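We count ligands from 1, going down the list as the structure has it; atoms in each ligand are counted the same way. For clarity, every value in this text was computed on a predicted model and none was experimentally measured.
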Amino acid sequence: MDHFNYKDGILHAEDVPLTRIAEAVGTPVYVYSTATLTRHFKLFQQALDWTQHLVCFAVKANSNIAVLKVLADLGAGMDIVSAGEYARAKAAGVPGERIVFSGVGKTGDEMRMVLEGGIRQFNVESEPELELLSQIASSMGVEAPIAIRVNPDVDAKTHEKIATGKSENKFGIPIARAREVYARAARLPGIQVVGVDMHIGSQLTDLDPFRQAYAKMADLTRALRDDGHDIRRLDMGGGLGIPYRRDNNAPPLPIEFGQVVRETVGDLGCEIEIEPGRNIAGNAGILLSSVIYLKEGEGRDFLILDAAMNDLVRPAMYGAHHDIVPVIEPSVGAAVSAFDVVGPVCETGDTFDKGVQLSALAPGGLVAFRSAGAYGAVMASEYNSRPLVPEVLVQGDQFAVIRARPSLEEMLARDSIPEWL
Ligand SMILES: *Cc1c(COP(=O)(O)O)cnc(C)c1O
């Protein structure tokens, strides 16, 4: 469920007509709904209300500081993967004790920075990382709280580029080696073992892979406790999928995901952490775009938009689908025709979808890409020297620009010509 609906024939974000945002800010622009972000975060809170828990938003899904603040004010923790994301979480008011640090390539500088600024836990992904963290923490005279990310070798049944829980993926430590690595961690100075971590992939639409992975986590937790480790937290990762097509079978709900967690690890008495990204932000955002041209091709017609693959790369990168809808609601019975919807970038991959049924749209007409709030703006670039796409946040009948579109001057000012040239 989201808060992008037609009212009086115009698609709104909450109580704001998208036409008003397009007029004020121009297009392309991302628009986020505070109400949807809030609703989805609370669904995860409720799904775990049977135990002590922390819902850590995966910052990589949408890292705008205003978006993070909406969630931080509701008590969210944050799952970060870089110094930059740590700085963003802090800027949004999230205390260090609510921030977990994931990622396969944490650098020594990043470790030092978060140990100084405060961190809840490192999700350690390899033995070399464990050693470096031990050296750095002991040199600072502190203990780094850690969970080890364990790779359960479970097929998440999602797109291969976003599956992370198979043995051939770069993530985590093979579950068969986990006890050995925990034993090593327990002996290292500057390291305090607090839990176990898993994240098996993104956009999962089936609960079975979670169930299999978490059952393995429960067995491992018992074995580690037998080995004498104080396992008090379990980080179950993120990955619950969202409906990208309105007409499709909906993926499981957060409450059902919470039940799987309860059934598999609920009896262990651990504090539960989860790291949803897409499920909180995905349907809380749309990408608003204008039609530049309607172009008749041979046997197919093109709708050429002012949004492109540099603004929303998921279709080009993963073959992902986003529903594309007109902002002005077509009248009942209006004629529709099929368009290939493309952007202006000079690559054939700059195609959002083919054969999309849309009714009469003229140049200047507005369309919205639904479900674009996660892995949208964060993956945007300035390819083709198109200034970075701006972002707007809506709450009720108010809206504000939360990242402005850079002017051409600002974009150019980041380059410099060496004096010897
Ligand atoms: C990407 C990622 C997430 C979030 O995944 P979603 O599919 O957006 O919920 C959580 N944890 C880790 C470690 C990740 O890499």
Using the salt bridge (charged side-chain N to carboxylate O under 4.0 Å, His left out) rule, collect all pairs that involve residues 374-386, keeping only residues at least two apart or in two chains.
-> D311-R386, E382-R414
Y375 heavy atoms, cut-off 4.0 Å: which ligand 1 atoms fall inside?
-> 1 (C), 4 (C), 5 (O), 6 (P), 8 (O)
Do you see a donor-acceptor pair shorter than 3.5 Å between the side chains of Q398 and E14?
-> no
Please could you name the atoms of ligand 1 that E275 approaches to less than 4.0 Å, counting only its heavy atoms?
-> 3 (C), 4 (C), 9 (O), 10 (C), 11 (N), 12 (C), 13 (C)
So is G237 in contact with ligand 1, going by heavy-atom distances below 4.0 Å?
-> no
Under a 4.0 Å heavy-atom limit, does S202 contact ligand 1 with its side chain, its backbone, both, or neither?
-> both
Check whether NZ of the Lys or CZ of the Arg R314 lies under 6.0 Å from the centre of the six-membered ring of Y244 and within 45 degrees of that ring's axis.
-> yes
What about R149: any of its N or O atoms under 3.5 Å from an N or O on ligand 1?
-> no
Any N or O of A58 closer than 3.5 Å to N or O of ligand 1 | no
Taking 4.0 angstrom as the limit, do K60 and D79 come out as a salt bridge?
-> no
Considering the heavy atoms of G238, write down every atom of ligand 1 situated less than 4.0 Å from one of them.
-> 9 (O), 10 (C)
dist D301:CG -> D340:CG (nearest 0.5 Å) comes out at 8.5 Å
From the options R278, E125, K60, select the one whose nearest heavy atom is closest to atom 1 (C) of ligand 1.
-> K60
Does the ring centre of F339 sit less than 6.0 Å away from the ring centre of F302?
-> no
Quick one: does P276 get an N or O within less than 3.5 Å of an N or O on ligand 1?
-> no
So, does D79 sit close enough to ligand 1 that a heavy atom of it is under 4.0 Å from the ligand?
-> yes
Using a heavy-atom cut-off of under 4.0 Å, does the side chain or the backbone of N123 touch ligand 1, or both, or neither?
-> neither
Working for side chain to side chain donor-acceptor pair (under 3.5 Å), residues E275 and N123 | CA-CA 12 Å; E275 305 169 345; N123 288 337; 3.2 Å; yes
For the residue pair F257 and Y214, categorise the inter-ring angle as parallel (less than 30°), tilted (30 to 60°) or perpendicular (more than 60°).
-> perpendicular
